[in-house]
Amino acid sequence: MAFVSDLDQITRAAAGDPSAVAWLVDRYSPGVLGLATRMLGDRMEAEDVTQETFLRAWKALPGWEPRAKFSTWLHRVALNLCYDILRKRRESLPGELPEMTDPELTPPERLMQSERVKAIETAIAALPERQAAALTLCALQGHSQIEAAEIMETSEEALESLLARARRSLRATLAERSVA
């Protein structure tokens, strides 16, 4: 099969080609869904954000100009949608990250690991939005700092500062809870 570039698929999707749309969704929805899930802590809300991200993308595709990578642009749309939801539910309790237990652990060890994961989730959820976003993009989703800065529409230096503050806050919070 011949190599097909993102730009080729974007051009075809903008022209209404359903196979190009499907290709872009298959390629980028896991990353968008992962970001939204980590930011929101709720899989159903994350799926809604993913769907809305792609709806907005398809509406904007005919006029889209590749000033940034398509994936960066999509993640920015998703992040903005997550910010909107987080602002609406500031007083709500955070959701949960997917269960990450090792099947080889004993029940008491699983309980300890589960409690530690919950403490980390709670600590991340308590961070200011931009710190949580920076940490999620870099540490949990594996984006480079350059990509994360582009997604967040900030400088690399500002992103580094956000990450440093987020890590300091997490360390302090987890140390207080004796989870670190």
Side-chain angles (χ1 to χ4, degrees), residues 5-7 10 24 27-43 45-50 52-54 56-57 60 64-100 102 113-180:
S5 74
D6 283 3
L7 192 52
I10 292 164
L24 290 168
R27 178 170 168 93
Y28 293 110
S29 62
V32 171
L33 180 61
L35 170 65
T37 302
R38 298 259 186 209
M39 287 297 296
L40 300 173
D42 182 295
R43 178 70 181 215
E45 279 185 321
E47 289 172 356
D48 290 344
V49 164
T50 301
E52 182 64 24
T53 298
F54 282 98
R56 290 184 183 195
W64 183 72
E65 295 180 21
R67 290 183 292 250
K69 290 186 343 188
F70 184 70
S71 62
T72 300
W73 179 67
L74 271 180
H75 279 83
R76 182 66 208 169
V77 171
L79 189 58
N80 284 337
L81 290 167
C82 289
Y83 284 158
D84 291 345
I85 290 170
L86 290 170
R87 282 186 199 104
K88 289 177 185 172
R89 64 172 179 148
R90 281 197 202 280
E91 68 281 348
S92 299
L93 292 175
E96 298 178 12
L97 290 172
E99 191 64 35
M100 296 181 261
D102 181 347
Q113 182 182 29
S114 176
E115 289 173 357
R116 185 163 195 248
V117 167
K118 289 209 181 294
I120 293 168
E121 289 172 346
T122 302
I124 291 172
L127 291 172
E129 286 176 359
R130 291 182 55 78
Q131 288 179 26
L135 192 66
T136 297
L137 288 167
C138 292
L140 301 177
Q141 284 212 302
H143 288 280
S144 71
Q145 288 187 6
I146 294 169
E147 290 172 329
E150 287 177 15
I151 291 167
M152 293 183 67
E153 296 179 337
T154 192
S155 68
E156 288 180 62
E157 293 80 16
L159 181 84
E160 288 174 7
S161 177
L162 288 167
L163 286 170
R165 290 194 313 257
R167 289 176 180 134
R168 261 194 317 272
S169 293
L170 280 178
R171 274 194 297 274
T173 300
L174 295 174
E176 286 173 12
R177 298 177 185 170
S178 301
V179 178

Spatial distance of atom CZ (R167) from atom CG (L127) [nearest 0.5 Å]
11.5 Å

Run the numbers on Q145 and L163 for side chain to side chain contact (heavy atoms under 4.5 Å, CB included), then give the verdict.
CA-CA 9 Å; Q145 288 187 6; L163 286 170; 3.6 Å; yes

Working to the nearest 0.5 Å, report the span between CG of L159 and CD of Q131.
11.0 Å

Rounded to the nearest 0.5 Å, the CE atom of M152 sits from the SG atom of C138 at a distance of 8.5 Å

Contacts of Y28 that satisfy ring pair (Phe, Tyr, Trp, His ring centres under 6.0 Å) - sequence neighbours left out:
F70

Mind checking the CD-CG spacing from E47 to D42? Nearest 0.5 Å is all I need.
9.0 Å

V49 side chain reached by T53 side chain, heavy atoms, under 4.5 Å:
yes

Would you give the length of the straight line joining atom OG of S155 to atom CD1 of I146, rounded to the nearest 0.5 angstrom?
12.0 Å

Which heavy-atom pair separates A133 from Y83 by the least distance, and what is that distance?
CB-OH, 3.3 Å

If we only count heavy atoms from C-beta on, is the L33 to R43 side-chain gap below 4.5 Å?
yes

Q141 and its side-chain contact (heavy atoms from CB on, under 4.5 Å) partner, picked from L135, L35, T37
L35

In terms of heavy-atom contacts, C82 and L40 come closest through O-CD2, 3.8 Å

Starting from the C-alpha separation in whole Å, work towards a yes-or-no answer on side chain to side chain contact (heavy atoms under 4.5 Å, CB included) for H75 and E147.
CA-CA 10 Å; H75 279 83; E147 290 172 329; over 6 Å; no

For R76 and T72, which I'm curious about, is there any donor-acceptor pair between the side chains at under 3.5 Å?
no

If you define the side chain from C-beta out and look only at heavy atoms, does anything of R56 sit under 4.5 Å from L81?
yes

What's the separation between atom CZ in R130 and atom OG in S161, rounded to the nearest 0.5 Å?
10.5 Å

Do I151 and W73 have side-chain heavy atoms sitting under 4.5 Å apart?
no

State which residues pass salt bridge (charged side-chain N to carboxylate O under 4.0 Å, His left out) with E160; sequence neighbours excluded, sorted by chain then number.
none

